[in-house]
Amino acid sequence: MSRLVPIQLTREYFGFPGPDLASMFRWSRATQYDMFHNLDKDPKVHQDNIDAGQEMRAYLTQLLPQRREQLKNGAPLEDVFSRLLNSHFDDSIGFADERIITNMMGTLVGGIETTSAAIVQLLDELFKRPRILKEAIDVASSNNDHLMYRYCWEALRFNPINPFVVRHCRTDYRIAKGSLRATTIKAGSTVLISTRSAMRDGLQLPAPSSFAIDRPESVYMHLGYGMHTCLGDQISRIQVPEIVRRILQIRGVRPAAEIDYAGGPFPERYPITYDTPV
């Protein structure tokens, strides 16, 4: 469910239907794995990404003129792909067909495995806390979208989808200049920035090990900041809590086993069970 629903969103809302579900699953996983998790530079993982990218581009290159012809004939299509094709961009922007295809590929690359991991890992954190789980289930039965979001983002703080991000330092840079913890990162260094640690920093957060839904929004680093804000920021804030809401509305829902990562970076299996309606 945590993968299927985001793929359906990509197909119906973004307008990238794909040839079949199996291809969409494979393309999203292969690209996300290599681009964001292949720290060991595994050649097979990298090749799978290249193959998926080429297949996606070939598919969308065929789909684009077909979709444009549909629009020309008056088809009432309102998905993102169609809106892009109906838009007129100044040449100086450089947003021609090739760039439209690249952006459409990004909706699948960035939107499935990240969403799935967020849903699975935050649910797991809720299930570990019976009192908090009961509160979240009550919220799921209400129409309070903002409160549902708060429960989801706080739960995800304990097991975020990316515990750290990797960056390459191009020039010498002084961190925390003027403080006792100041240090210099040398040019050429590989840096691991631990957002998970930051979101549980006792010097910045009161009671960081406690579950609290009234924390400032700035505490949550799940979607980045500024120019590094996730492209799916606004959609994720709606989609993830809504999927979690529907799951928590199932009577007696509970995990049937622990999360199985199958030796990789993604939750591959997380079965849940529930009470049979009387």
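Fair warning: this is a prediction, and the values are worked out from it, not measured in the lab.
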Are more than 12 heavy atoms, taken from residues, nucleotides or ligands other than [X], located less than 6.0 Å from that residue's [atom1] atom?
| X | atom1 | result |
| --- | --- | --- |
| Glu258 | CD | no |
| Asn143 | CG | no |
| Arg246 | CZ | no |

Main chain of [Y], side chain of [X]: is a donor-acceptor contact present, judged purely on distance under 3.5 Å?
| X | Y | result |
| --- | --- | --- |
| His37 | Gln32 | no |
| Gln249 | Ser141 | no |
| Arg99 | Ile93 | yes |
| Tyr13 | Gln8 | no |
| Ser189 | Ile185 | no |
| Thr195 | Asn162 | yes |
| Asn73 | Glu69 | yes |
| Ser197 | Ser194 | no |
| Arg254 | Gly252 | yes |
| Ser142 | Val139 | yes |

Check: Run the salt bridge (Lys or Arg N to Asp or Glu O under 4.0 Å) check on Arg245 and Asp145 step by step: do they pass?
Finding: CA-CA 9 Å; Arg245 178 207 302 278; Asp145 294 337; 2.3 Å; yes
Flag side-chain contact, heavy atom, 4.5 Å: [X] against [Y]:
| X | Y | result |
| --- | --- | --- |
| Met199 | Gln204 | no |
| His168 | Val191 | no |
| Lys128 | Phe158 | no |
| Lys134 | Ile137 | no |
| Val5 | Met1 | yes |
| Arg150 | Glu217 | yes |
| Arg200 | Leu205 | no |
| Leu123 | Val253 | no |

Specify the closest pair of heavy atoms between [X] and [Y], including all atoms of both residues, with the distance to one decimal.
| X | Y | answer |
| --- | --- | --- |
| Met105 | Gly53 | CE-O, 3.6 Å |
| Ile259 | Pro267 | CG2-CB, 3.8 Å |
| Gly15 | Leu63 | O-CD2, 4.2 Å |
| Ser2 | Ser116 | OG-OG, 2.7 Å |
| Thr115 | Gly111 | OG1-O, 2.8 Å |
| Ser210 | Arg215 | O-NH2, 2.9 Å |

Path from [X] to [Y] over hydrophobic side-chain contacts below 4.5 Å:
| X | Y | value |
| --- | --- | --- |
| Leu248 | Trp153 | yes |
| Leu156 | Ile112 | no |
| Ile213 | Ile132 | yes |
| Tyr149 | Met221 | no |
| Tyr274 | Leu4 | no |

Quick note, ring pair (Phe, Tyr, Trp, His ring centres under 6.0 Å) partners involving residues 76-128, not counting sequence neighbours, are Phe89-Phe95
So the salt bridge (Lys or Arg N to Asp or Glu O under 4.0 Å) pairs with at least one residue in residues 53-63 (sequence neighbours excluded) are Arg26-Glu55, Arg57-Glu98
So salt bridge (Lys or Arg N to Asp or Glu O under 4.0 Å) across residues 84-97, not counting sequence neighbours, yields Arg68-Asp97
Any chance you could measure [X], atom [atom1], to [Y], atom [atom2], to the nearest 0.5 Å?
| X | Y | atom1 | atom2 | result |
| --- | --- | --- | --- | --- |
| Leu223 | Ser236 | CG | OG | 5.5 Å |
| Leu60 | Met104 | CG | CE | 6.5 Å |
| Ile101 | Thr61 | CD1 | OG1 | 3.5 Å |
| Asp260 | Tyr270 | CG | OH | 12.0 Å |
| Gln234 | Thr229 | CD | OG1 | 9.5 Å |
| Leu133 | Phe211 | CG | CZ | 10.0 Å |

Pair Arg129, Glu135 - check salt bridge (Lys or Arg N to Asp or Glu O under 4.0 Å), show working. CA-CA 10 Å; Arg129 298 169 171 81; Glu135 293 176 7; over 6 Å; no
Going by distance alone, is a donor N or O of one side chain under 3.5 Å from an acceptor N or O of the other, for Glu268 and Tyr261? no
* Between Asp34 and Asn38, a side-chain donor and acceptor under 3.5 Å -> yes
Sidechain N-carboxylate O distance under 4.0 Å for [X], [Y]:
| X | Y | answer |
| --- | --- | --- |
| Arg237 | Glu242 | no |
| Arg11 | Asp79 | no |
| Glu125 | Arg157 | no |

Full working for side chain to side chain contact (heavy atoms under 4.5 Å, CB included) between Thr31 and Met56: CA-CA 10 Å; Thr31 51; Met56 268 196 289; 3.7 Å; yes
Practice problem: Give me the ring orientation class for Trp27 and Tyr59: parallel if the planes are under 30° apart, tilted from 30 to 60°, perpendicular past 60°. | Solution: tilted
- Carefully, step by step, assess Ile161 and Glu113 under the rule side chain to side chain contact (heavy atoms under 4.5 Å, CB included). CA-CA 9 Å; Ile161 57 174; Glu113 293 300 335; over 6 Å; no
Excluding Met227, membership of its hydrophobic cluster (Ile, Leu, Val, Met, Phe, Trp, Tyr; side-chain heavy atoms within less than 4.5 Å) reads none
Apart from Phe164 itself, its cluster of hydrophobic side chains linked below 4.5 Å comprises Leu39, Val166, Leu192
Tyr33 meets the ring-ring contact (aromatic ring centres under 6.0 Å, His included) criterion, sequence neighbours left out, with Phe266
With Gln47 as partner, the option from Val45, Ile50, Asn49 fulfilling side-chain contact (heavy atoms from CB on, under 4.5 Å) is Ile50
